[in-house]
Amino acid sequence: QVQLVESGGGLVQPGGSLKLSCTASGSTFTSYALAWFRQAPGKEREFVAAINENGLNRYYPNSVRGRFTISRDNADNMLYLEMNSLKIEDTAVYYCAAIDSEYSGSTEWTQYDYWGQGTQVTVSS
């Protein structure tokens, strides 16, 4: 199994940028495909981005494509989410998640096996 811990959340103004990090430990990092999900109060968990085990394939929904970038550093067991041109609608708790590499690109949160505790991102003026 793998343990995941997110960091980097905070308050940012509309149009601003923020970079989230997720640190993994406890297992072989390269065995897993990784993803970011988010959940706002009163709403269901939403897919944000995914990346396969070697970082060559990336997946985004239309809501963030062109603004967010997912990346990973397998040498340091790190996952990142760079967020640019942030909107008020991006406000949510952001979670990193891991799944067996065979399920790379999955957008269904119920399929992911491991989760971090979440980090709050608030976009407000």
Side-chain angles (χ1 to χ4, degrees):
Q1 61 180 356
V2 61
Q3 292 78 49
L4 305 172
V5 179
E6 304 95 334
S7 63
L11 176 64
V12 63
Q13 296 182 348
S17 300
L18 202 63
K19 185 175 183 177
L20 306 182
S21 299
C22 177
T23 302
S25 63
S27 188
T28 304
F29 190 65
T30 55
S31 297
Y32 301 95
L34 304 171
W36 288 95
F37 290 82
R38 66 187 182 187
Q39 188 165 21
K43 298 183 178 180
E44 296 184 349
R45 191 160 298 186
E46 177 187 19
F47 171 72
V48 175
I51 189 167
N52 77 330
E53 66 276 11
N54 59 23
L56 296 179
N57 299 318
R58 302 174 181 181
Y59 311 87
Y60 305 96
N62 291 334
S63 59
V64 307
R65 185 175 290 108
R67 299 189 299 120
F68 292 8
T69 301
I70 187 172
S71 62
R72 65 190 295 167
D73 184 340
N74 288 341
D76 294 331
N77 291 348
M78 295 289 292
L79 173 71
Y80 303 100
L81 182 68
E82 297 180 72
M83 303 183 293
N84 300 310
S85 301
L86 283 163
K87 305 175 181 178
I88 294 177
E89 293 77 19
D90 295 319
T91 296
V93 176
Y94 283 70
Y95 301 89
C96 62
I99 193 172
D100 184 87
S101 61
E102 295 182 357
Y103 295 90
S104 175
S106 175
T107 62
E108 301 178 8
W109 70 268
T110 55
Q111 294 187 339
Y112 283 78
D113 300 310
Y114 306 101
W115 293 85
Q117 83 291 342
T119 185
Q120 177 71 48
V121 173
T122 301
V123 184
S124 177
S125 60

_I need the minimum non-hydrogen distance between A50 and G105, along with the two atoms involved._
CB-CA, 4.2 Å
*Give me the other members of the hydrophobic cluster that L11 sits in, counting Ile, Leu, Val, Met, Phe, Trp and Tyr linked by side-chain heavy atoms under 4.5 Å, directly or via other members.*
none
*Please identify each residue that fulfils salt bridge (Lys or Arg N to Asp or Glu O under 4.0 Å) with R45, with sequence neighbours left out.*
none
*To the nearest 0.5 Å, how far apart are CD in E102 and CD in E53?*
9.5 Å
*Would you call Q1 and Q3 a side-chain contact if the rule is heavy atoms closer than 4.5 Å?*
yes
*Heavy-atom side-chain contact between L20 and W36 under 4.5 Å*: yes
*Can you tell me how far the OG atom of S21 sits from the CG atom of D73, to the nearest 0.5 Å?*
10.5 Å
*Would you check if the side chain of N52 reaches a backbone N or O of L56 as a donor-acceptor pair within less than 3.5 Å?*
yes
*Considering all heavy atoms of both residues, which atom of A98 and which atom of V2 are nearest to each other, and what is their separation?*
CB-CG1, 4.1 Å
*Does F68 have R58 sitting over its ring (NZ/CZ under 6.0 Å from centre, angle to axis within 45°)?*
no
*ring pair (Phe, Tyr, Trp, His ring centres under 6.0 Å) partners for Y59, two or more places apart*: none
*Could you state the interatomic distance from OH (Y94) to CE (M83), rounded to the nearest 0.5 Å?*
5.5 Å
*Apply salt bridge (Lys or Arg N to Asp or Glu O under 4.0 Å) to E82 and list each qualifying residue two or more places apart in sequence or on a separate chain.*
none
*Quick one: CG on N57 to CD1 on I70, what's the gap to the nearest 0.5 Å?*
11.5 Å
*Which residue pairs pass the disulfide bond (SG atoms under 2.5 Å apart) test with at least one member in residues 16-124, sequence neighbours excluded?*
C22-C96
*hydrophobic_cluster_shared for W109 and F47, side chain cutoff 4.5 Å*: yes
*Among all residues two or more places apart in sequence or in another chain, which pass the salt bridge (Lys or Arg N to Asp or Glu O under 4.0 Å) test with R67?*
D90
*Would a distance-only check, ignoring hydrogens and angles, find a side-chain to backbone donor-acceptor pair under 3.5 Å from Q117 to E6?*
yes
*Between I99 and Q111, does a side chain to side chain contact (heavy atoms under 4.5 Å, CB included) hold up when you go through it step by step?*
CA-CA 7 Å; I99 193 172; Q111 294 187 339; 3.9 Å; yes
*I51 side chain near L79 side chain, heavy-atom distance below 4.5 Å*: yes
*So, S85 side chain and G15 main chain: donor-acceptor pair closer than 3.5 Å or not?*
no
*Can you check whether M78's main-chain N or O pairs, donor with acceptor, with D76's side chain at less than 3.5 Å?*
no
*Do you reckon L81 sits in the same ILVMFWY cluster as V12, going by side-chain contacts under 4.5 Å, direct or chained?*
yes
*Rounded distance (nearest 0.5 Å) linking atom CG of L18 with atom CG of L86*: 6.5 Å
_Closest non-hydrogen atom pair, S125 against P14_ = N-CD, 3.7 Å
_Would you say that V48 contacts Y95 through its side chain, given a criterion of any heavy-atom pair below 4.5 Å between the two side chains?_
no
_Show, in sequence, the C-alpha distance, side-chain angles and deciding distance for R38 and S63, and conclude whether the side chain to side chain contact (heavy atoms under 4.5 Å, CB included) test is met._
CA-CA 12 Å; R38 66 187 182 187; S63 59; 4.1 Å; yes
*So do the side chains of R72 and L34 get within less than 4.5 Å of each other, counting heavy atoms only?*
yes
*Looking at Y32 and D100, what are the two nearest heavy atoms and their distance?*
CD2-N, 4.2 Å
_For the CD atom of E44 and the CZ atom of F37, what is their distance to the nearest 0.5 Å?_
12.5 Å
*asked:* Whether the S17 and N84 side chains hold a donor-acceptor pair (N or O, under 3.5 Å, no angle test) is what I'd like checked.
replied: yes
*Just wondering, do S124 and Q13 contact through their side chains at under 4.5 Å, heavy atoms?*
no
*Kindly indicate whether the side chain of T69, heavy atoms from C-beta on, has any atom under 4.5 Å from the side chain of Y60.*
yes
*For the residue pair S106 and Y112, establish whether any side-chain heavy-atom pair is separated by less than 4.5 Å.*
yes
